[in-house]
There are 2 protein chains.
Amino acid sequence: MVTIADVARHAGVSSSTVSYVLSGKRAISEETRRRVRSSVQVLGYHPNAGARALAARRSHIIALMVPLRTDVYVPVMMEIAIAVTTAARQHGYDVLLITNDEGPDGVRRIAASGLADGLILMDVELDDERIPVLRAQGTQATLIGLADDARGVSCVDHDFVAAGALCADHLADLGHREIAFIGYGSGVYHRHAGYAERTLAGFRDRAGQRGLRFLHRTCEGTYESTAGTLARVLADRPGTTGFVVQNEGAIGPLLTLLRTSGRTVPEDVSVIALCQDQLAEQFAPRLTAVTGSAQELGRVAVEQIVGRLATSSDGGRPDDDRALLTPALTVRESTGPAPLLP
Amino acid sequence: MVTIADVARHAGVSSSTVSYVLSGKRAISEETRRRVRSSVQVLGYHPNAGARALAARRSHIIALMVPLRTDVYVPVMMEIAIAVTTAARQHGYDVLLITNDEGPDGVRRIAASGLADGLILMDVELDDERIPVLRAQGTQATLIGLADDARGVSCVDHDFVAAGALCADHLADLGHREIAFIGYGSGVYHRHAGYAERTLAGFRDRAGQRGLRFLHRTCEGTYESTAGTLARVLADRPGTTGFVVQNEGAIGPLLTLLRTSGRTVPEDVSVIALCQDQLAEQFAPRLTAVTGSAQELGRVAVEQIVGRLATSSDGGRPDDDRALLTPALTVRESTGPAPLLP
DNA sequence: TTGTAGGCGTTATCAA
DNA sequence: TTGATAACGCCTACAA
């Protein structure tokens, strides 16, 4: 292993000079800097992470706590995790992956051991046990999602309320009057998953303002479940001409079932999805969709935690930021003007 | 921060005793062990990770390098990542997430800094640049996937050859004689992605042995692409009664298109998928599928790397293990006896 | 069975 | 602008 002392010897300077060249924390003559840099290159020196963490009292690691549960749409989680990792690297941080099932103890372990300088928590519940722990330990953290009491942490999430409203507006603009909202399975709502409840609330409010009649039905995301849901919808409201789908697994079955039942999209019924663009593009017809960027979510989360870490290590008290990312509507082939009344 | 010295004082012993109680590396009287354990509890002591890594010259961290690319089916990647994380914790390791785009330099950085004790590489290419780096640095590693020259590292992967053979056997057993193999996009084969090539090879060989006629067609996994692929298949081989699909995105479209074209599954044609069981269950009819366990893959990868680390820190030269996980066939509703000749 | 003490590689303070 | 040097917290060989 090549150490800072090796580099110092090779460059003919003291090890502290090497350290300062690398950290940029004090003025170094051009000549010395050059020599040191070159020695670092030649010897292939990389500072020992443990020693650095010990001396500087910062590990330059951010822990990312991901859900084990898979009722969340997994590709989105992964996209966020990768965005976090990429963004973190750009700020000089590495990312430690830990799973939700470690719970509050996991948070304690990571913080108390100094393994990570801060945490990013995914799949946050409104009343999340980990948040008090963070406050108690004075650990810097960012939540992806919203919580009831988020004092002492930062938050970032998609603006699901706006996303729901966008769906209502788009269908209303096209003249639809009877809408069905196909949501996630009932378990998701019972857990009070923020994204599901807030989307629905945003849709409901805007639908009310625009004079839409609508009903909301849960759906497990399998073919059978979707078939059952659709049958009930059409029985309860035969005049339904617009569908909002917030359930990745239900999209394919829904399109198939509509076709089977003799309804053409978008001439007879319009379908708008709340899902990734990539997924929306996969169907026929390609789906009009409301989307939030997972990449952006990860990037903002990293910026928040890095900001908190910086001000806290400068002795300051970080602001509790709250960021809501604006969703975007992309109109494709699955929505069109409401059919004329028969 | 509570240190080992705090615990020692609280328990009325020396800090080395605390260390030994925690590591179990020397005999400790029952009484002392009890007192130390209780002090650890009371004070909420967690060993400082940096100090530990520095002194013991092991970080107890495994780095997991994941692909940025998303033409791999993402949920599987995530499942592996989570399985790795969970399994690693059971061996006392944490997992550092790094992305493929760091390339060989990333491997160098992680190894030279001592940030991680070993690496697990996903999405390995046959001629992967990172492998020589690993050998050069003497870094312990496990590949998920196979490489041409894997000396100095361990490997684990699904037995895709066996998976392909299982598909051929199942359809042959049911009396099918003309089969179409719907694969991934051509880019995947041009990259010589092992899983794609090996599955095809396994299928081809067994198909030959069993006297099946078959053709292989690439497919991008969109609706349009699947439609084009299917049209060509049916034009080239109107007598096709069996479909093997190794492309998650093409499954839904294929089923829809078969139905649209008046073919009933499984009475007219049989469909067998190479995909996760969870996905296979989502369609109607539920799909007969050949599956490998992502969880198992992650678990074995961790066991391999932990094993390597153990023997190497004991001064030994680790074996280069090569594990192939046997896939399983689950018969569901999408395959049945070949129709009688008209 | 337990304690003492040196060292792991960096950072950062204090001098020069 | 640069150099010594004392922490940082833990592990482990050596002593007792």
Side-chain angles (χ1 to χ4, degrees), chain A residues 1-37 39-40 43-61 92 109 111-117 313-315, chain B residues 1-37 39-40 43-61 92 109 111-117 313-315:
Chain A
M1 155 181 262
V2 29
T3 73
I4 200 171
D6 299 327
V7 177
R9 206 170 307 121
H10 187 271
V13 296
S14 74
S15 62
S16 62
T17 297
V18 175
S19 175
Y20 283 116
V21 167
L22 263 31
S23 71
K25 287 188 182 173
R26 86 173 171 196
I28 300 281
S29 74
E30 188 48 41
E31 163 60 11
T32 305
R33 192 189 348 251
R34 214 190 37 66
R35 278 221 314 288
V36 170
R37 289 249 170 82
S39 299
V40 166
L43 302 180
Y45 168 71
H46 289 266
N48 179 280
R52 188 147 88 112
L54 180 57
R57 321 177 125 258
R58 322 192 58 191
S59 64
H60 289 272
I61 290 178
R109 179 176 77 84
S113 67
L115 225 190
D117 298 329
S313 81
D314 289 355
Chain B
M1 157 179 259
V2 29
T3 72
I4 199 172
D6 297 328
V7 177
R9 207 170 307 123
H10 187 271
V13 296
S14 75
S15 61
S16 67
T17 298
V18 176
S19 176
Y20 282 119
V21 168
L22 263 30
S23 71
K25 288 189 181 175
R26 85 175 173 193
I28 300 282
S29 75
E30 187 48 41
E31 162 62 8
T32 305
R33 189 186 355 249
R34 214 190 37 66
R35 277 222 313 289
V36 169
R37 289 250 170 82
S39 299
V40 166
L43 301 180
Y45 169 70
H46 289 265
N48 178 280
R52 187 148 88 115
L54 180 57
R57 323 176 121 261
R58 324 192 55 192
S59 65
H60 289 273
I61 289 179
R109 179 177 76 85
S113 68
L115 225 189
D117 298 329
S313 81
D314 289 355

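In what follows, chains carry the letters A, B, and so on, assigned in the order in which the sequence lines appear, proteins first and then strands, with residues in each chain numbered from 1. Small disclaimer: the values here were computed from a predicted structure and weren't measured.
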Nucleotide [N], atom [atom2] - distance to [atom1] of [X] in whole Å:
X     : N      : atom1 : atom2 : result
B:Y20 : C:dA5  : OH    : P     : 15 Å
A:M1  : C:dG9  : CE    : C1'   : 8 Å
B:L54 : C:dC8  : CG    : P     : 9 Å
A:R9  : C:dT10 : CZ    : P     : 12 Å
A:I4  : C:dC8  : CD1   : P     : 15 Å

- Message: Return whichever of A:I28 or B:A51 has its heavy-atom-nearest nucleotide of DNA chain D closer to the 5' end.
- Response: A:I28

- A:H10 and A:S39: side-chain hydrogen bond (donor to acceptor under 3.5 Å, both in side chains), yes or no, with the steps? CA-CA 6 Å; A:H10 187 271; A:S39 299; 2.7 Å; yes

Using a heavy-atom cut-off of under 4.0 Å over every strand shown, decide if [X] touches base, sugar-phosphate, or nothing.
X     : answer
B:S19 : base
B:R57 : sugar-phosphate
A:T32 : sugar-phosphate

- Message: Looking at every non-hydrogen atom in both residues, tell me the closest pair between A:D6 and A:M1 and how far apart they are.
- Response: OD2-O, 3.7 Å

- Query: Which pair of non-hydrogen atoms, one from A:R26 and one from A:S16, has the smallest distance, and what is that distance?
  - Reply: NH2-OG, 4.2 Å

- Does the A:S59 side chain pair with the main chain of A:L115, one donor and one acceptor, at a distance under 3.5 Å? yes

Ignoring backbone atoms, establish whether [X] has a side-chain N or O less than 4.0 Å from OP1 or OP2 of [N].
X     : N      : result
A:T3  : C:dG9  : no
A:K25 : C:dT11 : no
A:S23 : C:dT11 : no

- Query: Is there a side-chain contact between A:L54 and B:N48 (heavy atoms, below 4.5 Å)?
  - Reply: yes

- Task: Answer whether the closest heavy-atom distance between the side chains of B:V18 and B:V13 falls below 4.5 Å.
- Result: yes

- Task: Report the residue (B:A55 or B:E31) whose heavy-atom-nearest nucleotide on DNA chain C is the more 5′ of the two.
- Result: B:E31

- DNA chain D: 5'-most and 3'-most nucleotides touching chain B, 4.0 angstrom heavy-atom criterion: D:dG9 to D:dC14

- Assess whether one donor atom and one acceptor atom, taken from the side chain of B:R52 and the base of C:dG9, lie less than 3.5 Å apart. no

- Message: Could you check whether B:R34 pairs with B:E30 (Lys NZ or Arg NE/NH1/NH2 to Asp/Glu carboxylate O, under 4.0 Å)?
- Response: no

- Of the listed C:dT4, C:dT13, C:dT1, the closest approach to the B:S29 side chain comes from C:dT1

